[in-house]
Structures are given as C-alpha cells and as structure tokens.
Amino acid sequence: MKNKFIYIALAMAAFTSCEPEFNDPIDESGFYTQGEADLSNYVALGNSLTSGYTDGALYLDAQMSSYPNIMAEKFAMAGGGAFTQPLVNDNLGGLLLGGQQIADTRLVLNFDENGNPFPTRLAGTPTTEITNAPEGPFNNMGVPGAKSFHLVTPGYGNVAGIGTTANPYFARMASSAEATVLGDALAQQPTFFSLWIGNNDVLSYAASGGIGTDQTGNLDPSSYGSNDITDPNVFGAVTSEIINNMSANGAKGVVINIPDVTLAPFFRTVPNNALVLSAELAGQLTGFFQAVAGITTQGLIQQGVDPATAQALASQYAITFNEGPNRWIIDVPVSQTNPLGFRQMTEEELVLLTVDQAALASGYGSVVLTPEVLQVLGKLQQGMEITAEEGALVIGAVSGLDDQDALDNDEIAAVNQARAAYNSTLSALAAQNDLVLMDVESLFTRIAEMGYDYGSGSVTTDFGTGGAFSLDGIHFTPRGYAIVAHEIIEAINEGYNASIPGVNPGDYPTVFIQ
Amino acid sequence: MAMAISYAGGFRVALQGQRALAMGHTGVAVVNNAETAFFNPAGMSFLEEKFTASFGANAIFSNIVFQNEAFGYSTAADNPLSTPFSLYGSYKINEKLSLGIAVYTPYGSSVEYPENWEGSHLVQDISLRAIFFQPTISYKISDKLSIGAGPIYVSGSVNFSRNLDRATTNTEGERLGVTIDQKGIGAWGYNAGVMFKANEKLTLGLNYRSEIVMEARGGDADFRNVPTFLQGQFADGTFDADLPLPAELSVGTSYQINDQWMVAFDYNRVFWNSYDALDVIFSNGLESINPRNYKDASSYRFGFQYKANETFTLRGGYYFDESPVQEGYFAPETPRNDSNNFTAGLSVQLSERFALDASFLYIHFSEIDASYDYYLENGVAAPFGGTYKNNAFIPGIGITYSL
C-alpha cells in the first residue's frame with residue numbers, strides 16, 4: 001500500500017512538472033543576442049538621471065526604475081551579468097549625515113480642500129545615513145548633482161568634504177576618501193558602459209535662473225561656483241579622459257548627449273504671460289507705467305539729460321497692458337540704456353517653476369499697488385505736481401521678477417551655446433571610439449513638441465499630468481526613464497547588431513499620490 | 001468543496017463522469033451507469049439496475065506559460081490543483097419511470113499567476129466555482145424511446161483579483177488592486193433529453209442544458225494599496241456582476257458492435273455567444289468594463305469501450321474542442337485556444353455491487369500568438385499579448401454501485 005502512495009506522489013510530481021515548452025523559448029540562452037557588445041559587466045556613469053533620481057529625491061523604488069537598472073534587466077536576457085546599485089534605505093528619500101538631514105524627502109501629490117493637486121514633500125525623517133555606506137563596488141555609478149569634471153575629481157566622495165567639495169551620494173559609493181568616480185568605475189573592469197554626463201554643467205545655471213557665471217574661457221573648474229556653466233574645453237577634456245579610459249580595454253558602450261534642459265516643465269509650467277488682467281486692471285497698469293515714464297523723463301531732465309533723449313529713454317517704461325494675458329516684468333541690471341533696471345519679458349524668456357506663486361498673485365512680476373502709490377497716481381491724474389519722494393514711491397512700486405526666478409534671453413543663449421559645444425564633443429568622441437551615440441537631445445525635443453506614444457499610451461512634458469516628468473519638473477518619472485532605457489536599447493541593437501528586448505513604458509509608474 | 005478549472009473552451013469543465021470521460025466525454029447516446037443523468041437524463045429509464053450510483057473526482061494539473069518577445073516577458077502560471085467531482089444516482093420506480101439525482105461541476109476556473117506579473121492588470125488570480133444540483137426524472141415512452149429532464153439549482157462562487165492598471169502604486173511601491181468575492185450565488189436552469197434506441201445496436205440521443213446566469217449582487221469589493229488621497233475614489237464596498245453559464249446542446253450516437261465493442265460519437269454546441277462581457281459595477285461608482293465577445297463553439301467527440309471480460313472494461317477516446325475566444329479577446333484568465341484531447345480509462349468490477357472507474361485526460365493546446373486588445377487605460381487601448389501555451393493532465397477515479 002505504501003508503495004502505491006509513492007507511485008501516486010511520483011505521478012503527481014510528473015504532471016506538475018510537465019510544463020508546456022515553447023517552440024522558441026525566449027528564456028533560453030541564445031534567443032536574444034548581444035551582437036558585438038559584451039554586456040557581462042555593465043557600468044553606468046552619470047549624474048542624477050543615471051541614479052534614478054525622481055520627484056526631487058533618490059529612493060528605493062526610484063533606483064529600481066533607473067534607466068541603467070531597467071537596461072540591465074533586459075541585458076540579462078542577452079548575456080548581461082549582475083547589476084548592483086548603491087541602494088538607499090527607504091521609499092521616503094532624503095539623506096542623513098551624522099544624524100542631521102541634508103537632503104529632502106521625495107515629492108508626492110497632495111490635494112487641497114477643493115481637490116486641487118499640489119506637490120509636497122512626503123513627511124518623515126530619512127533613514128539613509130551617509131556614514132553608513134553600503135558595500136561596493138556598484139555597477140550604477142550615477143551620482144546626483146555631479147558635473148562632468150566631478151567624475152575625475154579626487155575627494156568628491158570624501159565624507160569630510162560634504163557641503164563644500166564632496167558629494168553625499170558619491171560618499172556612499174566611493175571606495176576611499178580620495179577615490180574618483182572614474183577610478184572606481186575602471187576598477188570594475190567593465191565590458192560595457194554608458195556615459196550620460198554634462199546636464200548639470202548647464203542645468204544648475206539654468207535652474208538657478210542664471211544667477212551663476214558662464215565660465216566659458218575659464219579652464220580651472222576648481223574655481224567654479226556651483227551654479228556656473230562649465231567651460232566646453234573643460235568638458236571636452238574630462239569626457240575624453242573618461243571615454244578613452246572606459247573603452248581602453250575594448251569595452252563598447254553608449255554615449256548619451258545633453259538634451260535642451262529648458263524644455264523641462266521646470267521652465268515651462270509658469271507661462272511668461274501669466275499676468276492675466278481685466279480690462280480695468282490693464283488700463284490701470286498702463287496708466288501706472290505711463291506715469292513711471294513721465295516721472296522718469298522729468299527725473300532725467302533734472303539730471304541734465306536733454307529732453308528729447310530723456311523722453312526716448314523713458315518711453316521704454318510706458319508699457320501697455322491689455323485685457324487677458326500679459327508678460328511679466330523682470331528686473332535686469334541697471335544700465336545706461338535701462339536706467340530703472342526692469343523691462344517686460346520677451347516671447348522666448350522663461351519663468352521657473354520655483355517662483356513664489358502667492359507673490360505673483362499680489363503684484364510680484366508687475367506692480368505692488370499700495371494705497372500710498374495709488375494716492376500719488378491720483379495726484380498725477382489731476383495734473384498736480386508731485387515731489388521727488390512721491391516719484392520714487394511710484395517707481396519703487398514696480399516689482400520685477402528677480403534674476404533667480406527667470407531665465408532671460410542671454411542666459412538661455414549661454415546655456416544653449418555651451419550645450420551645443422558639449423554635444424559636438426560627445427558626438428566626436430562616440431565616433432572616434434566606436435561607441436553608440438544616443439541622441440537624447442532629439443528624443444527630448446520630440447517629447448516636448450509632440451509627446452511620445454509608446455503604443456499603449458503616451459506621455460508629454462506637461463507638469464504633473466504629462467507622465468514623462470516627475471514632480472521636481474526636471475527629472476524623469478520612472479515611465480520617462482523607461483522610455484530612455486527603451487530608446488538606448490534600440491540604439492544599442494542597431495549600433496552593435498544586438499537583439500536585446502525592449503521596455504514597455506506602460507509598466508512603469510509616473511507621479512505618486514500620497 | 002469542488003473546484004474546477006477551465007478545461008473545455010472558455011470555463012466549461014467537461015469532466016462529468018469517469019466512464020464517459022474515458023470515452024472522450026461522449027455520453028448523450030450511451031447508457032452505462034448513472035452518469036447518464038448528466039449526459040442525457042432520458043437514458044436513466046434504460047438503465048437495467050434497480051438502483052445505481054456513481055461517484056467520481058478528478059485531479060487537475062494544469063499549466064500555462066506565457067512569453068512576449070518584444071519586452072522579454074516570461075511567466076508561468078502557478079495554478080492550484082483543483083478537484084472537481086460528480087455524484088449521480090438513479091432509482092427505477094417501475095419499468096417506465098426512473099428518478100435520480102445529479103450533482104456536478106460543469107463550469108469553473110482556477111488560475112493563479114505570479115504576483116504582479118506583466119498581465120496582472122487583467123488578472124492576478126481567479127476562482128470560479130459552480131455546483132449543479134439536478135433532481136431528475138426519466139420516462140420510457142416505449143422500448144425504443146425515452147425522455148428525461150430535471151431542474152437545476154446552481155450554487156456558485158467567484159473570487160477574482162487583479163491590479164487596477166499597469167503601474168499605479170502607493171508611495172511604498174505596492175500596486176493598486178482589487179479583489180471581488182461572493183459566495184452562495186444561486187440560480188436556476190434545467191436539463192432535458194430524449195433517447196431513441198433504433199435497434200439492439202444503434203442508439204441516438206439529444207440533450208439540451210439551459211443557460212444559467214450567475215448574478216452576483218452585493219459581493220465584497222476590496223481595494224488594496226490605495227493612496228491616502230484616493231481613498232474616496234477607491235472605497236471598499238460591494239459589486240454587482242453577471243456571469244453567464246452558457247447553454248449546451250448535444251447530439252450523439254452509440255453503436256454496440258458486438259458484446260465486447262461499443263463506439264460513440266457526440267457533438268456539443270456551447271452557446272458562448274451569451275458571454276458578451278464581464279462587467280463589474282462597484283458601489284463606489286467605479287465600473288470595470290471587460291468585453292469578452294465569445295462566439296458559440298463546438299466539440300467533436302469520439303469514444304470506444306472494450307469489454308475484455310467480466311472484470312475489466314477498457315475505454316479510450318479523443319475529442320477536438322473549439323475555443324469560443326475570438327481574435328483580439330484572448331484574456332489571460334481563460335487563455336484557451338483550440339485543443340486536442342486524448343482520453344483513456346478502465347473499469348474494474350470489484351464485486352457484484354462495486355466497480356472501480358478510472359480515467360485519464362491529456363489536453364494539448366498548440367502554442368498561440370494572441371492578445372487582448374480591449375483593455376483601456378486612461379481611455380487608450382493597451383493591448384496585452386504574446387505567446388501562450390497550455391496543457392493539462394487530469395487523472396480521475398470513481399466508483400459505481402449497482403443494486
């Protein structure tokens with residue numbers, strides 16, 4: 001009898017293990033191929049975009065959806081090996097240094113009492129302590145905040161230098177205090193690599209409204225401020241060093257170029273003409289600026305400027321406002337040609353997402369009309385004389401957007417000029433070293449202009465709702481990163497005659513609701 | 001409780017008797033034992049015994065594998081073992097009239113995919129059960145012609161779990177999902193047949209089982225991993241849904257070649273056309289609209305019986321089972337295409353009263369490239385598909401008692 005039970009058990013085991021077999025099973029080795037590439041040890045170099053940073057933070061699930069990690073999952077089906085990342089501790093985001101919080105938690109959508117969504121930091125105390133670093137090395141060497149030259153700067157991972165010369169994210173990864181990102185990457189002897197660096201070399205300038213300096217011509221990056229534009233020759237030297245070293249042993253790889261960062265929702269969400277006025281208010285503002293022009297003319301004449309010149313100079317302040325949307329007023333440096341130091345924004349200029357919306361609603365970006373100012377305007381309307389102090393009060397009521405809240409034409413030009421130089425360097429380096437060039441610049445522009453249709457849905461660059469960009473307005477959502485991963489895989493397949501499976505962006509989330 | 005998996009097209013489970021199953025699940029014109037109460041109630045009054053009863057159960061080992069070449073998806077379902085059963089009894093009141101009872105499970109499904117698999121927005125796991133209780137009466141009009149019929153009471157249950165879309169999670173990364181559950185759903189139908197013995201050898205039969213709609217009303221709807229600010233939208237509550245168990249028409253014939261050999265042919269038509277959609281209406285205002293658009297489907301069955309001696313009877317059979325699923329409607333909860341089915345079995349007469357009946361069914365599905373194209377996400381169709389391949393091994397055992 002006992003034997004019979006054994007037979008029955010064996011038969012049952014046999015049935016359950018009789019899984020049907022496909023004619024062409026995709027999980028059989030050789031189904032997908034790596035072509036001329038060797039994906040067995042893939043190392044990714046880059047900045048926050050490479051780390052998986054999203055919603056203004058680095059957190060666990062975000063790291064799992066970093067484009068290198070998504071790619072590595074697909075690589076694994078075509079000969080790729082294990083892929084490690086410097087995983088943080090939680091899904092809250094944020095960092096601690098010696099118990100002190102030094103990086104914010106992630107942004108999530110909250111809703112006000114009227115049901116309107118707004119981004120807010122997820123409440124809680126971060127648990128990722130910089131000094132409690134995980135065991136390396138890591139295949140994903142993406143360091144949030146890194147600029148090109150940081151990858152070759154010793155001490156960038158020195159915990160003691162955090163806040164000045166070092167980066168807390170690299171401090172978690174660095175093999176020693178003096179290690180470089182490049183050195184730690186090379187030590188892993190990668191057979192395949194990706195490099196996406198240079199965004200921050202222009203982005204930190206752009207995202208701070210151009211308060212930094214365009215360092216083009218200054219070849220010493222150690223003298224740069226954090227919001228400066230990196231000199232294209234410095235960028236060229238650094239990226240040559242990285243690429244030459246990474247490919248020295250014949251490793252193949254992909255070089256990813258720099259998109260037009262100003263297309264990100266961070267720069268495109270608050271319109272430059274969001275000053276929406278009623279006919280009455282428009283008339284009032286037009287009258288106000290006529291008064292400003294008049295007062296300025298008088299003032300200039302009193303300073304000895306001839307009346308015709310004074311009138312011509314002051315006429316720039318007689319700004320006309322119309323019912324409906326009007327462009328904001330921004331502050332510019334005081335100059336001979338613009339003695340009051342403000343003007344109306346032009347068509348291509350950008351307002352940053354971080355501008356104080358409440359302030360905009362109460363006159364910031366146009367005029368703060370106090371009762372005192374209105375009183376002076378009343379006097380002027382009645383043809384009464386006003387004092388110099390009263391004139392100054394009127395001019396002082398003009399409240400242009402500060403430099404840090406807007407990106408003007410010169411600043412946009414500086415960003416684009418540097419970026420174009422970086423991209424031609426990257427193209428040349430990719431070509432010289434038989435590397436695949438991933439043209440994210442075109443991809444990014446395409447998404448911004450017409451969205452990206454992945455067959456079962458689509459994304460746009462609209463803030464909060466578009467699906468491509470996270471709640472920080474600069475970094476991709478996991479779905480956005482999935483699109484990047486898919487496009488890179490396509491480029492690798494074409495460039496190296498590989499057949500790595502693609503990525504379905506619909507499987508990845510966008511923004512998160514608390 | 002019995003549970004069954006979808007083994008004929010759709011979620012029809014053709015395992016209604018060990019002897020019939022061993023013969024390709026033919027039986028509309030076969031008078032063998034009390035199993036005829038299901039296959040053709042008219043056959044009961046042709047049974048020779050004063051009283052006969054049969055009980056049997058099957059163990060279903062089913063496998064589904066799925067892959068998608070474009071994205072590298074590769075998944076194997078982890079279907080739980082299920083054990084549908086049947087119980088039949090037939091009692092001869094007199095030469096003309098017989099009464100009987102039939103309890104069986106002709107519909108059901110039990111599919112379980114790995115958690116959060118690529119198609120989890122369509123189905124994570126599903127368990128459908130429906131037990132049919134059928135008191136039956138059969139009347140012999142003449143030595144050649146009999147009729148039989150019985151009302152059916154069905155007691156059903158459904159448990160279905162899926163994620164609400166392909167990607168939404170709470171801030172902990174847990175997928176937003178829903179489970180609906182209702183037990184004890186009752187419904188009524190009937191089963192009726194006519195049998196004609198043309199001569200000593202040739203028997204003809206016709207049987208019709210009515211459609212029965214399982215109406216789930218006020219079942220539990222449990223939403224999981226809902227973000228704090230979406231609690232209102234995805235509030236737990238109840239659900240309503242209708243699931244039709246379609247009507248089935250069978251015609252068949254059997255031929256007793258000699259004392260030892262008998263062959264049987266059946267044709268089944270299952271009226272799946274009534275399974276238009278699986279729409280779930282939630283008490284919180286949400287609706288889940290899932291077109292199915294099944295078409296009527298046929299099975300072609302062949303079986304034989306060889307009575308080797310007084311102790312052993314051997315059986316074998318084959319049937320071709322057409323899938324009711326139309327192109328573009330291939331949903332992973334019932335990923336079935338046309339199948340070839342091979343059956344075998346035997347009876348051992350243990351004593352004058354008791355016989356042991358054993359059967360075995362192997363179901364072979366060819367691999368198929370198919371997709372479900374009617375899932376919408378934010379109003380945009382998000383087709384889900386790839387290559388599916390299934391098989392199933394179903395041993396069964398039963399006992400027949402004769403007085």
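Any value given below was found using the heavy atoms of this structure, including those in side chains, with hydrogens, waters and symmetry copies removed. Source: prediction; values computed, not measured. Below, chain A is the first sequence line, B the second, and so on; all start at residue 1.
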Legend entry - Region of A:V108 in contact with chain B, defined by heavy-atom distances below 4.5 Å: side chain
Legend entry - Check: A:Q514/A:N110 side-chain N/O donor and acceptor closer than 3.5 Å: yes
Inset, instruction - Give the intermediate values and the outcome of side chain to side chain contact (heavy atoms under 4.5 Å, CB included) for residues B:Y375 and B:F384. - result: CA-CA 8 Å; B:Y375 168 77; B:F384 179 82; over 6 Å; no
Legend entry - Side chain, backbone, both or neither of A:Y59 within contact of chain B (heavy atoms, under 4.5 Å): neither
Inset, instruction - Please flag which part of B:E172 lies under 4.5 Å from any non-hydrogen atom of chain A: side chain, backbone, both or neither. - result: both
Inset, instruction - Look at the aromatic rings of A:F111 and B:F229 and report parallel, tilted or perpendicular, splitting at 30° and 60°. - result: tilted
Inset, instruction - Go through the atoms of A:E73 and report whether side chain, backbone, both or neither lie under 4.5 Å from a heavy atom of chain B. - result: neither
Legend entry - Side-chain donor-acceptor pair present, A:Y42, A:N139, cut-off under 3.5 Å: no
Inset, instruction - Pick whichever of A:D61, A:N23, A:I500 has the most heavy-atom pairs under 4.5 Å with chain B. - result: A:N23
Inset, instruction - With A:R479 as the cation and A:F469 as the aromatic partner, state whether NZ or CZ is under 6.0 Å from the six-membered ring centre and within 45° of the axis. - result: no
Legend entry - Contact class of A:D55 relative to chain B, heavy atoms under 4.5 angstrom: neither
Inset, instruction - Give a yes or no on whether a salt bridge exists between A:E21 and B:K389, defined as a side-chain N under 4.0 angstrom from a carboxylate O. - result: no
Legend entry - Any residue of residues 504-513 of chain A which, by heavy atoms, sits under 4.5 Å from chain B: A:N504, A:G506, A:D507, A:Y508, A:P509, A:F512, A:I513
Inset, instruction - Side chain from CB out, backbone as N, CA, C, O: work out which of these in B:N170 comes under 4.5 Å of a heavy atom of chain A, or both, or neither. - result: backbone
Legend entry - Residue among A:M64, A:H486, A:K74 with most heavy-atom pairs under 4.5 Å to chain B: A:K74
Legend entry - Interface moiety of B:Y388 toward chain A, non-hydrogen atoms closer than 4.5 Å: backbone
Inset, instruction - Would you check if there is a donor-acceptor pair between the side chains of A:Q85 and A:N140 at a distance under 3.5 Å? - result: yes
Legend entry - side-chain hydrogen bond (donor to acceptor under 3.5 Å, both in side chains) partners of A:Y67, counting only residues at least two apart: A:T50
Inset, instruction - Considering only NZ, NE, NH1 and NH2 on the basic side and carboxylate oxygens on the acidic side, decide whether B:E333 and B:R292 come within less than 4.0 Å. - result: yes
Legend entry - Main-chain N/O of B:A167 paired with B:D165 side-chain donor or acceptor, under 3.5 Å: yes
Inset, instruction - Using modelled atom types only, decide if a donor and an acceptor are shared between the side chain of B:Q124 and the backbone of B:N116 within a distance under 3.5 Å. - result: yes
Inset, instruction - Please find out if less than 6.0 Å separates the ring center of B:W117 from that of B:F66. - result: yes
Legend entry - Heavy-atom proximity to chain B below 4.5 Å, by part of A:L92: neither
Inset, instruction - Among B:T168, B:T387, B:T169, B:L230, single out the residue with the greatest number of heavy-atom pairs under 4.5 Å to chain A. - result: B:T387
Legend entry - chain A interface, residue from B:E367, B:Q67, B:R175 that has the most non-hydrogen pairs under 4.5 Å: B:Q67
